[in-house]
There are 2 protein chains.
Amino acid sequence: MPVNCCRKKKGNQNNLDEINMEKEITIVNEQRLIKLLKQNSLSITDSRKKILQLFLEQNGALAHGDIERKAGEKFDRVTVYRTLQVFVDKGIIHTIPTADNSIRYALCKDECGEGHHHDHHVHFVCNSCNNTYCLDDVVTPGIKLPKGYSANHVEVVVEGVCKNCQ
Amino acid sequence: MPVNCCRKKKGNQNNLDEINMEKEITIVNEQRLIKLLKQNSLSITDSRKKILQLFLEQNGALAHGDIERKAGEKFDRVTVYRTLQVFVDKGIIHTIPTADNSIRYALCKDECGEGHHHDHHVHFVCNSCNNTYCLDDVVTPGIKLPKGYSANHVEVVVEGVCKNCQ
DNA sequence: TATCTTTTGCAACATTGTTGCTTTTTTTAT
DNA sequence: ATAAAAAAAGCAACAATGTTGCAAAAGATA
Ligand SMILES: [Mn+2]
Ligand SMILES: [Mn+2]
Ligand SMILES: [Zn+2]
Ligand SMILES: [Zn+2]
């Protein structure tokens, strides 16, 4: 992993006025999507824009199936698979392990890039709404392993009831 | 979850002499398998004995596919699915989440039973041999969650290089 | 705009998981 | 040991998920 490998993306919180016309919002988002894709040296295509948009609009994580559904009939299933793979490779999204054979994907923060993820945060799965959230501020704890084991990465998934469902 | 809900199974470490004849070992194991199934009010069938045996013989965890392969052509795929499901329900095995769409299963310790699992240990996936181990002695840490979230269960999966592969 | 490169969609296929129903096996009661 | 009842296994059909190669379409480049 190269030194100084982490790009600095602008925060870009997208705090648009609620009163903005729909069209205007669309334009802004489109620009943002294109910028993000360009930053990652990806060519700008409809499917990439659409799928990236889904992640940006979404608070929590998305499973492949969710994306297929939300992207509508617009794209081939194969394209969705390939797009997700590219996004993971580029450090745009990361995977979240589950115990039900349906990997979830969520946006990475700015520190991730091609070939190196740094998503050292805890994930939360709500038993009520069934959403999965990145708890970006909750850092994964160090784990003391038995002699002989060495750790590369620690993944923590907490299951419970989320803020909205209490 | 009822108070005093946890059965006490005998340790039964199966420290058999290496010199025991194959047949004898088989008989011993058979008895052990039957005992375990009876303790869990399960009827004694070939597939349940075989699959349980695979777990007892195996140090690490098994994915559904592993079991299908190891159980040979002996059983229908559907039977394997149903048997695993029953074992999970009964607290004989527990699932381990992964990020590659292949749930792993491993034996529970004695505290688990029907309707209540207590597998509060860390899991370890080796990047070299690709085995998954239960680190029974490494307890999952408590996680301090943001206001509004409440935890039911914490799952920790550490990825790295295992003892045997160092 | 013309050319080169990349991505998409499609088809075909493989793997994985589910469901209903019939047959077989296991358990239970005689 | 035998018969009746209950449970599990096997089978078939299907659904869902994931993979690959290739031709057509779209995007980047000059
Ligand atoms: Mn995350
Ligand atoms: Mn375990
Ligand atoms: Zn929730
Ligand atoms: Zn290993």
Side-chain angles (χ1 to χ4, degrees), chain A residues 30-31 33-54 61-90 92-93 95-105 114 130 132, chain B residues 30-31 33-54 61-90 92-93 95-105 114 130 132:
Chain A
E30 171 104 9
Q31 293 306 82
L33 296 170
I34 292 175
K35 190 175 158 200
L36 261 168
L37 290 172
K38 282 203 172 140
Q39 279 177 340
N40 288 283
S41 351
L42 290 174
S43 44
I44 315 299
T45 69
D46 287 351
S47 49
R48 286 174 182 169
K49 278 189 290 186
K50 179 61 180 174
I51 292 175
L52 190 50
Q53 187 179 28
L54 289 177
L62 294 168
H64 175 96
D66 299 327
I67 295 164
E68 250 186 81
R69 255 165 270 125
K70 298 204 182 193
E73 335 290 78
K74 296 202 56 164
F75 306 108
D76 194 88
R77 259 163 17 84
V78 178
T79 301
V80 176
Y81 282 111
R82 294 201 265 226
T83 303
L84 289 174
Q85 189 54 59
V86 169
F87 283 5
V88 170
D89 292 345
K90 289 288 184 178
I92 299 174
I93 60 179
T95 59
I96 303 168
T98 68
D100 73 333
N101 273 355
S102 72
I103 303 173
R104 308 296 173 86
Y105 299 86
E114 180 150 21
N130 204 33
T132 300
Chain B
E30 170 105 10
Q31 294 305 81
L33 296 170
I34 292 175
K35 192 177 157 199
L36 260 169
L37 290 172
K38 282 205 172 137
Q39 279 177 341
N40 288 282
S41 349
L42 290 174
S43 43
I44 316 300
T45 70
D46 288 350
S47 51
R48 284 175 184 171
K49 278 189 291 185
K50 179 61 180 174
I51 292 175
L52 190 49
Q53 190 180 26
L54 289 177
L62 294 167
H64 175 96
D66 299 326
I67 295 164
E68 248 186 84
R69 256 166 269 127
K70 299 205 181 192
E73 335 289 79
K74 296 202 54 160
F75 307 107
D76 195 90
R77 260 162 17 86
V78 178
T79 302
V80 177
Y81 282 111
R82 295 200 264 227
T83 303
L84 288 174
Q85 188 54 59
V86 168
F87 282 5
V88 170
D89 291 346
K90 289 288 184 177
I92 298 174
I93 60 178
T95 58
I96 303 168
T98 68
D100 73 332
N101 273 353
S102 71
I103 303 172
R104 309 295 173 86
Y105 299 86
E114 180 152 19
N130 203 33
T132 301

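Just so it is clear: chains get the letters A, B, ... in the order the sequence lines come, proteins before strands, and each one is counted from 1. Heavy atoms only: backbone and side chains are in, while hydrogens, waters and symmetry mates are out. Computed from a prediction, not measured in an experiment: that's the story for all the values here.
- One atom, CD1 of A:Ile51, and another, P of C:dT7, lie 13 Å apart when rounded to the nearest Å.
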Could you go through A:Ile34 and A:Lys49, starting from their C-alpha distance and side-chain angles, then the distance that decides it, and tell me whether this counts as side chain to side chain contact (heavy atoms under 4.5 Å, CB included)?
CA-CA 7 Å; A:Ile34 292 175; A:Lys49 278 189 290 186; 4.2 Å; yes
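- Nucleotides of DNA chain D nearest to B:Thr45 and A:Ser43 differ in position, and the one nearer the 5' end is that of B:Thr45.
- Among the protein residues, A:Lys74 comes within range of the sugar-phosphate backbone only, with heavy atoms under 4.0 Å from sugar or phosphate atoms but none that close to a base.
- The interatomic distance linking A:Glu68 (CD) with D:dT19 (P) rounds to 13 Å, in whole Å.
- Nucleotide D:dA8 holds its C1' atom 15 Å from the CG atom of B:Asp89, rounded to whole Å.
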How far apart are the C-alpha atoms of B:Lys90 and B:Val86, what are their side-chain angles, what is the distance that settles it, and do they pass the side chain to side chain contact (heavy atoms under 4.5 Å, CB included) test?
CA-CA 6 Å; B:Lys90 289 288 184 177; B:Val86 168; 4.2 Å; yes
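- Remark: side-chain polar atoms of A:Arg48 are not paired, donor with acceptor, to backbone N or O of A:Thr83 under 3.5 angstrom.
- If you check every strand for non-hydrogen atoms under 4.0 Å, B:Ser47 touches sugar and phosphate atoms only.
- Residues from residues 80-88 of chain A that place a heavy atom under 4.0 Å from any atom of DNA chain C, listed by number: A:Arg82.
- A straight line from CD1 of B:Ile67 to P of D:dA9 spans 14 Å, rounded to a whole angstrom.
- Between A:Leu42 and A:Phe87 the shortest side-chain heavy-atom distance falls below 4.5 Å.
- Checking side-chain atoms of A:Asp76 against main-chain N and O of A:Val78 turns up a donor-acceptor pair under 3.5 Å.
- Look at NZ on A:Lys38: it is 10 Å from C1' on D:dA28, rounded to the nearest Å.
- Separating the CG atom of B:Asp76 from the C1' atom of C:dC21 is a distance of 14 Å, rounded to the nearest angstrom.
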Checking side chain to side chain contact (heavy atoms under 4.5 Å, CB included) for the pair B:Lys35/B:Gln39: CA distance, chi angles, key distance, verdict?
CA-CA 6 Å; B:Lys35 192 177 157 199; B:Gln39 279 177 341; 3.9 Å; yes
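- As rounded to whole Å, 9 Å separates atom P of C:dT27 from atom CD1 of B:Ile34.
- Between the C1' atom of D:dA9 and the NZ atom of B:Lys49 lies a distance of 14 Å, rounded to the nearest Å.
- Along DNA chain C, the nucleotide nearest A:Leu42 and the nucleotide nearest A:Arg77 are compared for position; the residue whose nucleotide lies closer to the 5' end is A:Leu42.
- The listed nucleotides are C:dG17, D:dT19, D:dG10; the one nearest the side chain of A:Val78 is D:dT19.
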Show the numbers, then the answer: is there a side chain to side chain contact (heavy atoms under 4.5 Å, CB included) between B:Thr98 and B:Thr132?
CA-CA 10 Å; B:Thr98 68; B:Thr132 301; 5.8 Å; no
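- Between A:Asn101 and D:dT17, a side-chain N or O to OP1/OP2 separation shorter than 4.0 Å is absent.
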